[in-house]
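Contents: one structure, followed by commentary.
The figures that follow rest on heavy atoms only: side chains count, while hydrogens, waters and symmetry mates do not. Read the numbers this way: they start at 1 and go in the same order the structure lists the ligands and their atoms.
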Amino acid sequence: MSDDVYQDARARVERIAKEAEVAPEVIDALMQPKAVLTADIPVRMDDGSTEHFVAYRCRYNDALGPTKGGIRFHPGVSLEEVKALALWMTIKCAVVGIPYGGGKGGVIVDPKQLSRLELERLSRGYMRAMADFVGPDTDIPAPDVYTNARIMGWMADEYETIHRRKSPAVITGKPIPHGGSLGRDEATGRGAFIVIQEYAQRRDIDPKETTVAVQGLGNAGYHVARLLQKEGYKIVAVSDSKGGIHSEDGFDVESLYQHKQDTRKLEGVYCEGSVCEMIESKSISNEELLELDVDLLIPAALEGVINEGNAKNIRAKVIAEVANGPIEGNADQILLDAGVEVLPDVLTNAGGVTVSYFEWVQNRQGYPWSLEKVRERLEDELSTAFADMWKIYEEKNVPLRAAAYTSALERIGEAIELQGTQAWFSDGK
Ligand code: NAD
């Protein structure tokens, strides 16, 4: 991953905004975050010692509503990364037209090294540090890499303890009994599936003739792979942080995932009930997975995995960015020249924030929705956002990423311009 992930994110916004002739005030407003909080979280470890963890929260831009974005627990977290992710959230919320700005948070930690009690203390410590910075009307966190529903539940509980009232809308992605939404766990993967299907229809792609490689079989990667396989796509390669496996015959995603949950190992298996049989597959590295000759490549782990160094080796025809920022800015042109079409992250993985928005709405209404309603509305939101992007793509003849950004920048731009621009004030009337 590039050290300049934030500079890269800003440069991409600036370039696309200038091409789309967005007002200078709008570009200026998006070139720095509104507010950033850095905190030290002291955590009592199980052996009685105290360890200190660095934590961040960034509210990037709130022109369209309170800021919204996940919290990442990962050793590679940095302030630059958090700001980049918060900027992408700003664009993403606007792409799907939900009334939010963008935010993000993170802690520099390897959560796999913590006991369950240490993880709870860290999660509650994060919320104690951020309790005045977040809130249902200001900034609403959610899960991201290596954080999950249980962690969101602890954080919501800590916020409610501090503020001495129930306030489930402060955070989304909670367990269902704590005010979580049905369908939130699968939302990012389902959203990506909807986007891929919208694309496949427009490009006449037959799922049964389409091979897929998925990097990162986590929450987002698992659900998109599972839904694609159900539709007939052949999932020929998957990976996790330790490496990947490849089989020309394709994998049964459900079997792989259940086996990984039980054994913590990613292995080629086919399971019926609790009985699993090994199937032939080849071990590959995460780098090799990206360069496989497949029809559809789905990076669903971390950012910056496709960059100037390996972009020319990509053989997939289409990349669906399920991770945030898996393709660095300097690889965009290389892929474009090679005819690789990219379904951009700001739309492809927007299912998560869309159902987070539904969760927030349900919490505020005190009225939970059925799973059918969540899925139906998710499909509506994402197919509309896809159609908006496609219209710009056809009218302006720009890559899909530029089309999605343009759609978002027009929405953010309108909100900022309605407060008055230099052109408007100096018009003199
Ligand atoms: P997760 O923690 O559930 O899964 C991450 C997966 O990536 C795991 O399988 C892990 O083993 C794998 N991984 C970690 N490091 C890796 C590496 N170096 N190489 C290959 N694989 C590696 O996380 P998630 O929630 O599925 O998030 C994955 C991506 O999707 C992130 O970029 C995240 O920002 C993005 N995303 C997630 C959501 C969501 O709702 N969960 C929403 C939008 C975007």
Item to check | Modelled atom types, side-chain donor and acceptor of N310 and E291, under 3.5 Å | outcome: no
Next on the checklist: N219 versus ligand 1: do any nitrogen or oxygen atoms come within less than 3.5 Å of each other?
Outcome noted: yes
Checklist entry - Which of the atoms of ligand 1 are close to Y146, meaning less than 4.0 Å from one of its heavy atoms? => result 2 (O), 10 (C), 11 (O), 14 (C)
Checklist entry - Strictly under 4.0 Å, does any heavy atom of R184 approach an atom of ligand 1? => result yes
Checklist outcome for this item: If you compare S241, S356, A350, G221 by their heavy atoms, the one closest to atom 15 (N) of ligand 1 turns out to be S241
Next on the checklist: Looking only at the side chains, is there a donor atom on one of Q362 and Y357 sitting less than 3.5 Å from an acceptor on the other?
Outcome noted: no
Next on the checklist: Looking only at distances, can you tell me whether any N or O atom of S239, backbone or side chain, sits closer than 3.5 Å to an N or O atom of ligand 1?
Outcome noted: no
Item to check | Distance-only N or O hit between ligand 1 and K104, under 3.5 Å | outcome: no
Next on the checklist: Tell me the contacting part of V322 for ligand 1: side chain, backbone, both, or neither, using a 4.0 Å heavy-atom threshold, strictly below.
Outcome noted: backbone
Checklist outcome for this item: closest protein heavy atom to atom 38 (C) of ligand 1 is T188 OG1, 3.4 Å
Checklist outcome for this item: closest protein heavy atom to atom 23 (O) of ligand 1 is V145 CA, 3.8 Å
Checklist entry - Any idea which atoms of ligand 1 are less than 4.0 Å away from a heavy-atom of L302? => result 15 (N)
Checklist entry - Under 3.5 Å, is there a donor-acceptor pair between the D46 and S115 side chains? => result yes
Next on the checklist: Could you work out, for atom 5 (C) of ligand 1, the closest of G218, A187, G243 by heavy-atom distance?
Outcome noted: G218
Next on the checklist: Considering both backbone and side-chain atoms of H74, is one of its nitrogen or oxygen atoms within less than 3.5 Å of a nitrogen or oxygen in ligand 1?
Outcome noted: no
Checklist entry - Rounded to the nearest 0.5 Å, how far apart are CD1 of I416 and CG of N61? => result 5.5 Å
Next on the checklist: Looking only at the side chains, is there a donor atom on one of Q333 and D337 sitting less than 3.5 Å from an acceptor on the other?
Outcome noted: yes
Checklist outcome for this item: Value for CD (E267) from CD1 (I245), rounded to nearest 0.5 Å, stands at 8.0 Å
Checklist entry - K260 to ligand 1: N or O pair under 3.5 Å? => result no
Checklist outcome for this item: dist F386:CZ -> L343:CG (nearest 0.5 Å) comes out at 6.0 Å
Checklist entry - Which atoms of ligand 1 are found less than 4.0 Å from any heavy atom of A301? => result 7 (O), 13 (N), 20 (C), 21 (N), 22 (C), 28 (C), 29 (C), 31 (C), 32 (O)
Checklist entry - Which atoms from ligand 1 have a heavy atom of A220 less than 4.0 Å away? => result 26 (O)
Checklist entry - Tell me: protein heavy atom nearest atom 36 (N) of ligand 1, and distance? => result N324 ND2, 3.9 Å
Checklist entry - What atoms in ligand 1 come closer than 4.0 Å to a heavy atom of R72? => result 31 (C), 32 (O), 33 (C), 34 (O)
Checklist entry - Taking atom types as modelled, is there a side-chain donor on T67 or K34 under 3.5 Å from an acceptor on the other? => result no
Checklist entry - For R72 and T147, does a side-chain donor sit closer than 3.5 Å to a side-chain acceptor? => result no
Checklist entry - Between N286 and ligand 1, which part of the residue brings a heavy atom under 4.0 Å of the ligand: side chain, backbone, both or neither? => result side chain
Checklist entry - Checking side chain to side chain contact (heavy atoms under 4.5 Å, CB included) against Y222, which of V253, V238, V214 comes through? => result V253
Checklist entry - Counting both backbone and side chain atoms, is some N or O of D144 under 3.5 Å from an N or O of ligand 1? => result yes
Checklist entry - Do T210 and D295 meet the criterion of a side-chain donor-acceptor pair at a distance under 3.5 Å? => result no
Next on the checklist: Just checking K373: does its NZ atom have more than 12 heavy atoms from other residues, nucleotides or ligands closer to it than 6.0 angstrom?
Outcome noted: yes
Checklist entry - Which atoms of ligand 1 have any heavy atom of N349 under 4.0 Å away? => result 43 (C), 44 (C)
Checklist entry - Looking at residues at least two apart in the chain, or sitting in another chain, which of them share a side chain to side chain contact (heavy atoms under 4.5 Å, CB included) with V54? => result T38, Y56, I108
Checklist entry - At under 4.0 Å between heavy atoms, which part of L217 makes contact with ligand 1: side chain, backbone, both or neither? => result backbone
Next on the checklist: Can you report which non-hydrogen protein atom sits closest to atom 28 (C) of ligand 1, along with the distance?
Outcome noted: A300 O, 3.3 Å
